[in-house]
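I have placed the structure first, in the form of structure tokens, so that the comments after it can refer back to it.
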Amino acid sequence: MDKKVRVRFAPSPTGGLHLGGVRTVLFNYLFAKHHGGDFILRIEDTDQTRFVPGAEEYIFNCLAWCGLTPDESAIHGGPYGPYRQSERKALYRDYAEQLVAKGLAYYAFDTAEALEAKRKEIPNFQYSHATRLQMKNSLTLSKEETEQLLAAQTPHVIRINMPADETISFTDMIRGEVNFHSALVDDKVLLKADGMPTYHLAVVVDDYLMKITHAFRGEEWLPSAPVHIVLWKHLFGLENMPQWAHLPLILKPDGNGKLSKRDGDRLGFPVFAMDWQDPRTNEKTTGFKERGFLPEAFINMLAMLGWNDGTGQEIFTLEELVKQFSMERVHKGGAKFDYEKAKWFNHEWLKKLPVEQWMPEVKKQFEANNITITDDKKLIEVIELVKDRCSLFSDFVQQASFFFKAPEAIEVTAIQPKWNEQKNLFFAELIRAYELMPLWKHDELEKEFKEIAAVNDIKPGELMLPLRIMLVGGKFGPHVFNIAEIIGKEETIKRMQHTLGMLK
RNA sequence: GGAGCGUUGGUCAAGGGGUUAAGACACCUCCCUUUCACGGAGGAAUCACGGGUUCGAUUCCCGUACGCUCUACCA
């Protein structure tokens, strides 16, 4: 029987959680759940210089919002902890030493200055089989010298001793067989001078210890795969190595290249899952959540960036995605992010989900714009009326504020040129009639409106827009008489009089 | 510079040796609508280029071009 599937997402807590990161989580999650396996979240915080307070908690919050709950993590617990690499520091050195003992790694004592000098001396310098004999390390020093330096606690790193002439190959679940020539891969640092492992060492040690069966990560990792393969071969055996899949990148909408936070700022759309405030600069970046996206839509949209089930279906629930997902159907090429399409996904989900479920978000958006809503029944009525014209929760502010508050700007210029005394008289009469209306219902209002128009011999079409401008302030929104009914007699008449005053 | 990966309409993409080369988003036209949307009907691709293999290539092979990623004691 096959081993239980175990996958992991391993972010470093250095800032906001990027679209591409969430998609990597998603594909990990979908694959694991499709196979009845476990999804592990491991924090890769081995670079102490890049530690950002709050970033870890933020990642957990994003995952919670998305509904992608880890089975094991630093906060969910689990049998293979700790799940923060900084807390596992002690165990890495031993593996690096094992490699040194076997001659597959070596101590290197080169200072930053020496490395810098070498880079200047040799163009495109690589610390590799071609150059390592020119450097200060346990390969060039005598055994005694090395031991002396070590005993004196001289700062040093441990580097992998890449084979000089081997073909390193592995099978990627998305790309098939991939080959590298070992001579072109440099001797990556495995253990840093501060005793922390680099990503290269940590990822293989932890994947082994945590019994990871499938390792998925972004395509940017492909060039360093041979380092990981060599490590696996000598540390734990290729037969125990997880199956790899390198996911295609999410590209910027214009031009080419990886989508970055900068692109979002420049083009006006979010890139992070949720709002992120950098504690060092206090710079605040809005996320998809706060911008008015439903998590269901966000996930759905991400899933379709680089994957589809081949049927043409585009709207999927998480459960459906779990059921349908397969790594073989993931694309090789990167996908450009399209914000318009992202909004479309949200629009579809808005239509699909019951209003009650997302009404609180709409309220929040109104509150952020100083409109407090106390009447839930009215809000639901309003939402039903305008939801076809909204893609995001934030759109409701623009589309429905006038139901709760008289419009601040009245687009009188839209009606002024064609305004005349006849229309003036019509509206005066309409107001008198409306004041006496016993039943304030949209069909009654419309009937009355048309009757008075007929008596005055004006085409109703000439009067509809003026009425709309009076009530809404602009040329948009649902049927005018529905609006009038909801805002009520008093408010309707007040707004008519207000605009009439402006037209005199 | 080197290595690896990629390339079907503006975008996401289905398909796969012989097809009218799906569908969605965006865009344009029309219908519906006395506003804006929604909805409905239409509109656009010689499948990067050049060689092969083949009766036949967008599909297989090899080159070329272009793009991207990596090339840190960052992940």
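Note on naming: letters A, B, ... go to the chains in the order of the sequence lines (proteins, then strands), and numbering restarts at 1 for each one.
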Validation row, ring centre A:W307 to ring centre A:F27 under 6.0 Å:
no

Can you tell whether the side chains of A:E44 and A:R42 come within less than 4.0 Å, N to carboxylate O?
yes

Base, sugar-phosphate alone, or nothing: which one does A:H479 contact when heavy atoms must sit under 4.0 Å apart?
base

With heavy atoms under 4.0 Å as the rule, sort A:G306 into base, sugar-phosphate or nothing.
sugar-phosphate

Might you list the N or O atoms of the protein lying below 3.5 Å from N or O atoms in nucleotides 1-5 of chain B, with each pair's distance?
from: B:C5; atom 1: O2'; to: A:R175; atom 2: NH1; distance (Å): 2.8
from: B:C5; atom 1: O2'; to: A:E219; atom 2: OE2; distance (Å): 3.1

Can any side-chain N or O of A:T140 pair as donor or acceptor with the backbone N or O of A:N137 at less than 3.5 Å?
yes

Closer to the 5' end of RNA chain B via nearest nucleotide, is it A:D186 or A:C390?
A:C390

Regarding A:K341 and A:D338, does a basic nitrogen lie under 4.0 Å from an acidic carboxylate oxygen?
no

Hey, does A:R217 reach any base, or is it just sugar-phosphate, or nothing, if we go heavy atoms under 4.0 Å?
nothing

Tell me whether the OP1 or OP2 atom of B:U34 has a side-chain N or O from A:K475 closer than 4.0 Å.
no

Out of B:C38, B:A14, B:C36, which has the shortest distance to the side chain of A:K351?
B:C38

Does A:E462 pair with A:K418 as a salt bridge, N-O distance under 4.0 Å?
no

Touch class at under 4.0 angstrom, heavy-atom based, for A:G257 against every strand present
sugar-phosphate

Would you indicate which nucleotide in B:C73, B:A75, B:C68 comes nearest to any side-chain atom of A:D47?
B:A75

Between atom CG in A:N346 and atom C1' in B:A37, what is the gap in whole Å?
16 Å

Write down the protein N/O and nucleotide N/O pairs, taken from nucleotides 40-42 of chain B, whose separation is under 3.5 Å; answer none if there are no such pairs.
none

Touch class at under 4.0 angstrom, heavy-atom based, for A:K258 against every strand present
sugar-phosphate

Candidate list A:F403, A:F366, A:W358, A:F404, test ring-ring contact (aromatic ring centres under 6.0 Å, His included), partner A:F396, passing option
A:W358

Contacting residues from residues 447-469 of chain A, given that a heavy atom lies under 4.0 angstrom of RNA chain B
A:K450, A:P460, A:G461, A:M464, A:R468

Atom C1', compared across B:U7 and B:G63: separation rounded to whole Å
15 Å

salt_bridge(A:K351, A:E348) N-O dist < 4.0 Å:
yes

If you go through the side-chain atoms of A:R389, does one of them form a donor-acceptor pair with the base of B:C36 closer than 3.5 Å?
yes

Select one nucleotide: of B:G67, B:A75, B:A14, the one nearest the side-chain heavy atoms of A:N256.
B:G67

Options B:C12, B:C73, B:C38, nucleotide nearest the side-chain atoms of A:K336
B:C12

Does NZ or CZ of A:R159 fall inside the cone over A:Y127's six-membered ring, less than 6.0 Å from its centre and within 45° of the axis?
yes

Side-chain donor-acceptor contacts of residues 328-336 of chain A below 3.5 Å, not counting sequence neighbours, with atom names and distances?
from: A:R329; atom 1: NE; to: A:N308; atom 2: O; distance (Å): 2.9
from: A:R329; atom 1: NH2; to: A:N308; atom 2: OD1; distance (Å): 3.0
from: A:K336; atom 1: NZ; to: A:G255; atom 2: O; distance (Å): 3.4

Evaluate whether atom CG of A:D457 has more than 12 neighbouring non-hydrogen atoms of other residues, nucleotides or ligands under 6.0 angstrom away.
no

With the threshold set at 4.0 Å, does a side-chain nitrogen-carboxylate oxygen contact exist between A:K192 and A:D194?
no

Stems in RNA chain B, runs of 3 or more consecutive Watson-Crick or G-U wobble pairs with both distances under 3.5 Å, sorted by first number, are B:1-7 with B:65-71, B:10-12 with B:23-25, B:27-31 with B:39-43, B:48-52 with B:60-64

Taking A:D395 first and then A:K387, would you say they form a salt bridge - that is, a charged N and a carboxylate O separated by under 4.0 Å?
no

Do the charged groups of A:R132 and A:D187 touch, with an N to O distance under 4.0 Å?
yes

To the side chain of A:A335, which of B:C73, B:A75, B:C12 is closest?
B:C12

Quick one: which protein N/O atoms are closer than 3.5 Å to N/O atoms of nucleotides 25-29 of chain B? Pair and distance per line, please.
from: B:C25; atom 1: OP1; to: A:W344; atom 2: NE1; distance (Å): 3.3
from: B:C25; atom 1: O4'; to: A:K341; atom 2: NZ; distance (Å): 3.4

Pairwise C1' distance, B:U58 and B:G42 [rounded to whole Å]:
27 Å

